[in-house]
Amino acid sequence: MPQGFFLTFEGLDGSGKSTQLRKLAQWLEARGEPFLVTRQPGGTRIGDRIRALLLDSRTEALSPMAELGLMFSDRAQSIAEVIRPALDAGQIVLCDRYTDSTEAYQGGGRQLGSEIVRQLHEVMCGGLDPDLTLLLLPDFRRSLERARRRNHRAVTQSAKDEGRFESEDESFYRRVFDQYCEIARREPLRVVAIESDEEIERIHERIVSIVEARLAHRA
Ligand code: TMP
């Protein structure tokens, strides 16, 4: 049985990561690879409840530390219930966001710093790191505009309120963006940053060639 492979997608809201994840899943499906798609926060029944609490704009009084703890509680549940069993069964796990999001949003955006995030990662995630992280970094301003447009649509057209983060100001997102760049500089083997505003298909082709090469080297 081939070894499992843990692949995460990261980026700002509006960076196009979820679209690229979907396209990669279709590519894996066509190749007949065993894979599983999940996301954070969410992806389990308990995680979906944590997600609703975290993203609801009525949760405005949540303290940054409480937010940090909830992100890791969700992650611990996801590892126990979804990620670990899938990796142990030899599957490729595609996860939309993981600990890098916490380092970027809570560490950078909320200014809690990286150290506490790294420590909690060791304790709550048993140090489970992705084999590969695809970090989508299109132009900062374009991401922000897309996220705001999407948030506006979601607020006006859907019963679900997931706008708490997307209503943050530009300086918050600038710190998130800078922290992502810092993670990519620090871990160049694990994190591949795709700093591109090319069209969706071109970026997908680049992602496929990166993933194909990494999967070929799987033990
Ligand atoms: P999503 O819409 O990409 O699923 O992400 C939900 C929001 O949660 C997004 O604004 C980023 C935020 N988030 C954090 O702040 N910290 C985390 O650890 C994760 C996983 C997400």
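Both backbone and side-chain heavy atoms feed into the values below; hydrogens, waters and symmetry mates do not. Just so you know, residue 1 is the first one in the sequence shown, and it goes up from there. For ligands, and for the atoms within them, numbers begin at 1 and follow the listed sequence.
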Where ligand 1 meets [X] - atom numbers and elements under 4.0 angstrom, heavy-atom basis:
X: R51; result: 1 (P), 2 (O), 4 (O)
X: R75; result: 18 (O), 20 (C)
X: P41; result: 19 (C), 20 (C), 21 (C)
X: Q106; result: 14 (C), 15 (O), 16 (N), 17 (C), 18 (O)

Provide, to 0.1 Å, the distance between [atom] and the closest protein heavy atom, together with that atom's residue and name.
atom: atom 18 (O) of ligand 1; answer: T102 OG1, 2.6 Å
atom: atom 7 (C) of ligand 1; answer: L55 CD2, 3.7 Å
atom: atom 17 (C) of ligand 1; answer: M71 SD, 3.3 Å
atom: atom 5 (O) of ligand 1; answer: R97 NE, 3.1 Å

### Query
What residues, two or more places apart in sequence or in another chain, satisfy ring-ring contact (aromatic ring centres under 6.0 Å, His included) together with F72?
none
## Note on the structure
Residues pairing under side chain to side chain donor-acceptor pair (under 3.5 Å) where one sits in residues 42-52, two or more places apart or in two chains, turn out to be R51-E162
Is the shortest side-chain N to carboxylate O distance from [X] to [Y] below 4.0 Å?
X: R39; Y: D74; value: no
X: R141; Y: D139; value: no
X: E10; Y: K17; value: no
X: R175; Y: E168; value: no
X: E182; Y: R185; value: yes

Could you say whether the N/O atoms of [X] and ligand 1 ever approach to under 3.5 Å?
X: Q40; value: no
X: Y173; value: no
X: D13; value: yes
X: K17; value: yes

### Message
Just to verify, which of T133, D129, D131 counts as forming a side-chain hydrogen bond (donor to acceptor under 3.5 Å, both in side chains) with R190?
### Response
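Between R190 and the candidates, side-chain hydrogen bond (donor to acceptor under 3.5 Å, both in side chains) is satisfied uniquely by T133.
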### Message
For E67, which part has a heavy atom under 4.0 Å from ligand 1: side chain, backbone, both, or neither?
### Response
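None of E67 does.
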### Query
Side chain, backbone, both or neither: which part of R39 comes within less than 4.0 Å of ligand 1 when only heavy atoms are counted?
neither
### Query
Heavy-atom count around I200 CD1 within 6.0 Å, excluding the residue itself: above 12?
no
